[in-house]
Participant: 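So that we are looking at the same thing, I have put the structure below in structure tokens.
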Amino acid sequence: MKEEIKKEERSLNFLEEIIEQDLKSGKNKQIVTRFPPEPNGYLHIGHATSICLNFGLTKKYGGYTNLRFDDTNPVTEETEYVESIKDDVRWLGFEWKHELYASDYFGKLYEMAVTLIQKGLAYVDDSSSEEIAAQKGTPTHPGHRNKYAERSVEENLRLFAEMKAGKYTDGEKVLRAKIDMASPNMIMRDPLLYRIKHAHHHRTGSIWCIYPMYDMAHGQSDSIENITHSICTLEFVPHRELYDWCIEKLDIFPSRQYEFARRNMTYTVMSKRKLLQLVGDRHVTGWDDPRMPTITGMRRRGYTAASIREFCDRVGIAKRENMVDVGLLEFFVREDLNKLALRRMVIFDPLKIIITNFPDRTEWLPSENNPEDPNGGTREIPFSRELYIERDDFMEIPSKKYFRLAPGKMVRLKSAYIITCDVVLKDNDGKITEVHCSYIPESRSGQDESGIQVKGTLHWVSIPQAIPAELRLYDRLFKVEDPGSEAGDFKDYINPDSLQVIRTAWAEPALQQAVFEDRFQFIRKGYFCLDRDSSENRLIFNRTVGLKDSWKAPINKENG
RNA sequence: UGACCUAUGGUGUAAUGGUAACACAACUGAUUUUGGUUCAGUCGUUUAUGGUUCGAAUCCAUAUAGGUCAACCA
């Protein structure tokens, strides 16, 4: 019985366990987390994991999550990114309690630095960055202090004030914590706290010319906001010692840092630097290129927010390095889209069919919008003498398990009639130009009295009413699972066929009414959405993901 | 010749000293007016070696492998 109860519950991840303990022990009355992006790039699927984690935790346990921009480096940060990040978080379906900026705390952080100086725990160093690096030692050899570490509190106070006042040039002086130059943790070897940058800041303008480093800003900001659980990725593990040191020495609210492993995914790259290169070198059309692992790219490609959330929740988090198969992400989109996508018929590569015994008129046939949705309703689709089917849905000499059209064989046209192939017409090169078929009038969909059972059902469009559309078929951006770990430049592994454009596909007329919010399943082909490049008289669809395809063509490779 | 983090099916994540499990993938079969969906089933897992224990994926030791740290980035 105990086992049955256990099965019902989803097991807790390590952060949920910590939180439940903290709540139970009374250490925290409510949970406060933050999502702390640096506004210097666009959010990607890895950030989505962090967003879902941070917001999900406070939603589950009560409390709230702040959106805090970690904007302590004015030279790389821009307002453009702030807006895109807010837009992406909102689109994902989360609401932050407060919109905050580390730059909001520049005054307080300055005061904290002064406090450290007064306690003899920080000093102004005139060394160059090269000198500081050299004095730092190596992981296996301790570093050593220089003469600047001996400066008096008064002198440090004066110099730091002068740094703030703009008396010195960039790089001339820095403020360092006075901790331990022999620490086995390199981060603790008198880390830099403040540096001089005469640069325009996207929010504070030119008020400041000194800016705090990450370690002087992040934990302190957490503390100011009473963040209870400060969740970050594994590369910050060594920083935790310094994070705790600052909190202890400054005697401020004890936020605690916890680390989880960042999310990696096959056939893509996730680092901002690499993503920026792809955009900068024009390997993709922009941050929102549907092949990008960015939130905005995935959104344009047709991914739903719900599917991304589901992906993040069900893949889970832990502390070990991971490489999630992109197929898992695709599974969650298909799962969501299958429930809500409107079924439509589109011919990618047309083959003309003449129904020789069908009169010269148009018959409108109802077809369900979504077999998974009982309330989905139907639409009318035109049927006529001249139709298009997919070229690869016909084979002159069919292989054994070919269910589709072939000479003398019967197939059902989806929502219409059963047809038989009678004659195949070819041009001088032997290419099939046209196939003549006859239909079985009693086999009309929904009122079939023919009694004929066919193995295959094809999608089709009526030529006179067909509307042209451009299709953009996306494939993985890279040819290898982990481009970052391959020899040479990761860009050498870009998949040259990651975008296949079909200039003119033929769509059923209902697609003329497509709007951006619509999600479609082009029957037997895949899930599609309208691209924002579309215009009044030009429809462009992005393939979000193909349908799962268990059909293996025996001879010719096929089915894009 | 350092410190820290991590090792569970092909992938991701559980099992919190008591029968190694879930999802994806793969493979069978059934259903199907989408070779989709759905349903049923199959496949396959504790890095190694010692130790503690009635009992170890779990605790301990050693080894091995992978990752992180020597930015005036975050």
Side-chain angles (χ1 to χ4, degrees), chain A residues 3 6-7 10-13 17 36-38 40 70-73 75-77 125 128-129 132-134 136-143 170-176 183-187 189 192-197 211 213-215 217-218 232-241 259 261 263 266 272-273 314-332 334-335 338-339 343 345 367-368 371-372 401-404 411-416 418 443 445-446 448 454-459 481 521-526 546-553 559:
Chain A
E3 280 176 7
K6 253 188 169 178
K7 270 189 178 176
R10 188 103 126 254
S11 54
L12 303 177
N13 65 45
E17 283 183 14
E38 184 187 11
N40 69 347
D70 229 337
D71 56 348
T72 57
N73 186 359
V75 302
T76 58
E77 293 150 6
D125 191 330
S128 67
S129 61
I132 289 176
K136 207 146 205 170
T138 68
T140 51
H141 295 285
D170 290 9
E172 204 176 332
K173 285 181 166 50
V174 292
L175 182 73
R176 298 177 72 177
S183 172
N185 181 355
M186 298 292 290
I187 302 291
R189 320 247 261 228
L192 269 63
L193 264 21
Y194 262 90
R195 78 288 216 189
I196 300 169
K197 275 183 196 280
Y211 293 93
M213 298 287 291
Y214 170 85
D215 292 301
H218 201 102
C232 62
T233 46
L234 246 32
E235 67 268 29
F236 291 99
V237 168
H239 291 257
R240 190 177 59 230
E241 194 177 350
E259 312 87 10
R263 178 71 58 228
T266 56
K272 271 184 200 169
R273 201 192 92 248
R314 283 173 51 187
V315 159
I317 52 120
K319 297 185 78 161
R320 64 182 132 157
E321 299 292 318
N322 58 79
M323 182 64 77
V324 178
D325 192 329
V326 70
L328 201 50
L329 216 208
E330 292 175 347
F331 166 80
F332 288 111
R334 288 196 190 98
E335 184 181 61
N338 178 49
K339 289 180 299 190
R343 270 55 171 178
M345 295 200 281
S367 187
E368 54 190 349
E372 305 296 318
K401 291 178 82 179
Y402 192 75
F403 303 161
R404 310 175 189 181
V411 292
R412 154 83 58 189
L413 294 179
K414 173 75 181 171
S415 297
I418 292 174
S443 68
S445 187
D448 187 344
V454 293
K455 201 77 195 260
T457 299
L458 307 186
H459 62 287
E481 282 201 348
Q521 184 198 101
F522 293 172
I523 290 180
R524 301 211 301 137
K525 284 300 192 177
L547 251 31
K548 195 175 160 190
D549 187 7
S550 57
W551 156 249
K552 310 258 195 304
N559 254 14

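A note on names: the letters A, B, ... follow the listed sequences, proteins ahead of strands, and every chain is numbered from 1.
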Participant: A/Pro371 near the nucleic acid: base, sugar-phosphate alone, or nothing, with a heavy-atom cut-off under 4.0 Å?
Facilitator: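 Base, at least one base atom sits under 4.0 Å.
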Participant: Quote, to the nearest angstrom, the P distance that separates B/rC60 from B/rA7.
Facilitator: 13 Å
Participant: Side chain to side chain contact (heavy atoms under 4.5 Å, CB included) with A/Thr138: which residues, sequence neighbours excluded?
Facilitator: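 Side chain to side chain contact (heavy atoms under 4.5 Å, CB included) check on A/Thr138 returns A/Thr140, A/His141.
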Participant: Grab the CZ-C1' distance between A/Arg334 and B/rG35 for me, whole Å please.
Facilitator: 14 Å
Participant: Rounded to the nearest angstrom, tell me the gap between atom CD in A/Glu481 and atom P in B/rA25.
Facilitator: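 It works out to 15 Å between those atoms.
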Participant: Is there a side-chain contact between A/Asp170 and A/Glu172 (heavy atoms, below 4.5 Å)?
Facilitator: no
Participant: Considering only nitrogen or oxygen atoms on both sides, find all protein atoms under 3.5 Å from nucleotides 44-47 of chain B and state each distance.
Facilitator:
none

Participant: Can you tell me how far C1' in B/rG66 sits from the matching atom in B/rG51, rounded to whole Å?
Facilitator: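 Nearest-Å result for B/rG66 against B/rG51 at atom C1': 26 Å.
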Participant: Reckon A/Lys197 touches a base, only the sugar-phosphate, or nothing at all at heavy-atom distances under 4.0 Å?
Facilitator: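 Since only primed, P, OP1 and OP2 atoms lie under 4.0 Å of A/Lys197, the category is sugar-phosphate.
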Participant: Look at the side-chain N and O atoms of A/Ser550 and state whether any lies under 4.0 Å from the OP1 or OP2 oxygen of B/rG36.
Facilitator: yes
Participant: I need the CZ-P distance between A/Phe331 and B/rC24, as an integer number of Å.
Facilitator: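 The answer, rounded to whole Å, is 5 Å.
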Participant: Which pair of non-hydrogen atoms, one from A/Ile418 and one from A/Ser443, has the smallest distance, and what is that distance?
Facilitator: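 So the minimum-distance heavy-atom pair works out to N-OG, 2.9 Å.
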Participant: I'd like to know if the side chain of A/Thr233 and the backbone of A/Glu235 have a donor-acceptor N/O pair within less than 3.5 Å.
Facilitator: no
Participant: Rounded to whole angstrom, note down the P distance from B/rG18 over to B/rG55.
Facilitator: 14 Å
Participant: A/Lys548 NZ to B/rG35 P: how many Å, rounded?
Facilitator: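 Rounding to the nearest Å, NZ of A/Lys548 and P of B/rG35 are 14 Å apart.
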Participant: Any base atoms under 4.0 Å from A/Glu241, or only sugar-phosphate, or nothing? Heavy atoms, all strands.
Facilitator: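 Since no nucleic acid heavy atom lies under 4.0 Å of A/Glu241, the category is nothing.
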Participant: Please tell me if the side chains of A/Arg176 and A/Arg189 come closer than 4.5 Å, counting only heavy atoms from C-beta onward.
Facilitator: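 SC-SC contact between A/Arg176 and A/Arg189 ruled out.
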Participant: In whole Å, I'd like the distance from the CZ atom of A/Arg240 to the C1' atom of B/rC5.
Facilitator: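 It is 9 Å, rounded to the nearest whole Å.
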Participant: What I'd like to find out is whether the side chain of A/Glu77 reaches to under 4.5 Å of the side chain of A/Glu38, using heavy atoms alone.
Facilitator: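 They are in side-chain contact.
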Participant: With side chain to side chain contact (heavy atoms under 4.5 Å, CB included) as the test, would you mind laying out the steps for A/Trp551 and A/Arg524 before giving the verdict?
Facilitator: CA-CA 11 Å; A/Trp551 156 249; A/Arg524 301 211 301 137; over 6 Å; no
Participant: Could you state the interatomic distance from NZ (A/Lys173) to CD1 (A/Ile196), rounded to the nearest 0.5 Å?
Facilitator: 7.5 Å
Participant: Whether the side chain of A/Asn185 engages the backbone of A/Pro238 through a donor-acceptor N/O pair (distance < 3.5 Å, no angle test) should be reported.
Facilitator: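 Yes; judged by distance alone, with no hydrogens or angles, the pair exists.
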Participant: Going 5' to 3' along nucleotides 28-33 of chain B, which nucleotides have protein heavy atoms under 4.0 Å from the base (write B), which only from the sugar-phosphate (write S), and which from neither (write -)?
Facilitator: -----B
Participant: With rounding to the closest Å, how many angstrom separate the C1' atoms on B/rA26 and B/rA56?
Facilitator: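 Per the computed distance, 32 Å lies between those C1' atoms.
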Participant: Between A/Asn13 and A/Ser128, which has a closest nucleotide on RNA chain B that is more 5'?
Facilitator: A/Asn13
Participant: Could you tell me whether the phosphate oxygens of B/rA3, OP1 or OP2, come under 4.0 Å of any side-chain nitrogen or oxygen in A/Ser183?
Facilitator: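 So the side-chain polar atoms of A/Ser183 never come under 4.0 Å of the phosphate oxygens OP1 or OP2 of B/rA3.
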Participant: What is the nucleic acid contact for A/Val174, judged by heavy atoms within less than 4.0 Å: base, sugar-phosphate only, or nothing?
Facilitator: base
Participant: Considering only the C1' atoms, how many Å lie between B/rC43 and B/rA48, rounded to the nearest integer?
Facilitator: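 Those two atoms are separated by 26 Å.
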Participant: Tell me, for nucleotides 58-71 of chain B in 5' to 3' order, what letter each nucleotide earns: B for a base near a protein heavy atom under 4.0 Å, S for only sugar-phosphate near one, - for neither?
Facilitator: ---------S-SBS
Participant: Could you tell me whether the phosphate oxygens of B/rC22, OP1 or OP2, come under 4.0 Å of any side-chain nitrogen or oxygen in A/Arg314?
Facilitator: no
Participant: Would you say that A/Arg240 contacts A/Cys232 through its side chain, given a criterion of any heavy-atom pair below 4.5 Å between the two side chains?
Facilitator: no
Participant: Any side-chain heavy-atom pair from A/Phe236 and A/His218 closer than 4.5 angstrom?
Facilitator: no
Participant: Using whole Å, report how far NE2 of A/His141 lies from P of B/rG2.
Facilitator: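 That distance rounds to 10 Å.
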Participant: Can you check the distance between B/rU64 and B/rU28, where both ends of the measurement are the P atom (answer in whole Å)?
Facilitator: 44 Å
Participant: Considering every strand and a 4.0 Å limit on heavy-atom distances, what is the contact class for A/Glu38: base, sugar-phosphate, or nothing?
Facilitator: sugar-phosphate
Participant: Give the nucleotide from the list B/rC5, B/rC73, B/rU13 with an atom nearest to the side chain of A/Asn73.
Facilitator: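 Looking only at side-chain atoms, A/Asn73 lies closest to B/rC73.
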Participant: To the nearest Å, how far apart are A/Gln521 CD and B/rG36 P?
Facilitator: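 Rounding to the nearest Å, CD of A/Gln521 and P of B/rG36 are 11 Å apart.
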Participant: Hey, can you tell me if A/Tyr214 and A/His239 have their rings parallel, tilted or perpendicular (30° and 60° cut-offs)?
Facilitator: perpendicular
Participant: What contact category does A/Leu547 fall into here, base, sugar-phosphate, or nothing, at under 4.0 angstrom with non-hydrogen atoms?
Facilitator: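 Base: the residue A/Leu547, judged by heavy atoms under 4.0 Å, touches a nucleobase.
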Participant: Can you figure out which of B/rA25, B/rU34, B/rA74 approaches the side chain of A/Ile523 most closely?
Facilitator: B/rU34
Participant: Kindly say if A/Arg273 contacts the phosphate of B/rC73, meaning a side-chain N or O under 4.0 Å from OP1 or OP2.
Facilitator: no
Participant: Starting at CD of A/Glu335 and ending at C1' of B/rC22, how long is that distance when rounded to a whole Å?
Facilitator: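 To the nearest whole Å, that distance equals 14 Å.
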Participant: Below 4.5 Å, heavy atoms only, C-beta onward: do A/Glu481 and A/Asp325 meet side chain to side chain?
Facilitator: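 Sidechains of A/Asp325 and A/Glu481: no contact.
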Participant: Scan A/Ile317 against the nucleic acid and name what it touches under 4.0 Å (heavy atoms): base, sugar-phosphate only, or nothing.
Facilitator: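 Contact class for A/Ile317: sugar-phosphate only.
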Participant: Applying side chain to side chain contact (heavy atoms under 4.5 Å, CB included), name anything that partners A/Arg195, two or more places apart in sequence or on another chain.
Facilitator: A/Asn73, A/Val174, A/Lys197, A/Tyr211, A/Met213
Participant: Using a 3.5 Å cut-off on both pairing distances, which stems of three or more Watson-Crick or G-U pairs include RNA chain B?
Facilitator: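 Runs of three or more consecutive pairs: B:2-7 with B:64-69, B:10-13 with B:21-24, B:26-30 with B:38-42, B:47-51 with B:59-63.
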Participant: Report the C-alpha distance between A/Val315 and A/Asn322 in whole Å, list the side-chain angles of each, state the deciding distance to 0.1 Å, and finish with yes or no for side chain to side chain contact (heavy atoms under 4.5 Å, CB included).
Facilitator: CA-CA 11 Å; A/Val315 159; A/Asn322 58 79; over 6 Å; no
Participant: Taking only the C1' atom of each, what is the distance from B/rC59 to B/rG2 in whole angstrom?
Facilitator: 27 Å
Participant: Determine the Euclidean distance between corresponding P atoms of B/rU6 and B/rU42; express it in Å to zero decimal places.
Facilitator: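 Per the computed distance, 36 Å lies between those P atoms.
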Participant: Do side-chain atoms of A/Thr457 reach the backbone of A/Lys414 as a donor and acceptor pair under 3.5 angstrom?
Facilitator: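 No: the side chain of A/Thr457 does not pair with the backbone of A/Lys414.
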Participant: Side chains of A/Val411 and A/Val454: does their closest heavy-atom pair fall under 4.5 Å?
Facilitator: no
Participant: Output the single nucleotide from B/rC72, B/rG35, B/rA74 whose closest atom is nearest the side chain of A/Arg404.
Facilitator: B/rG35
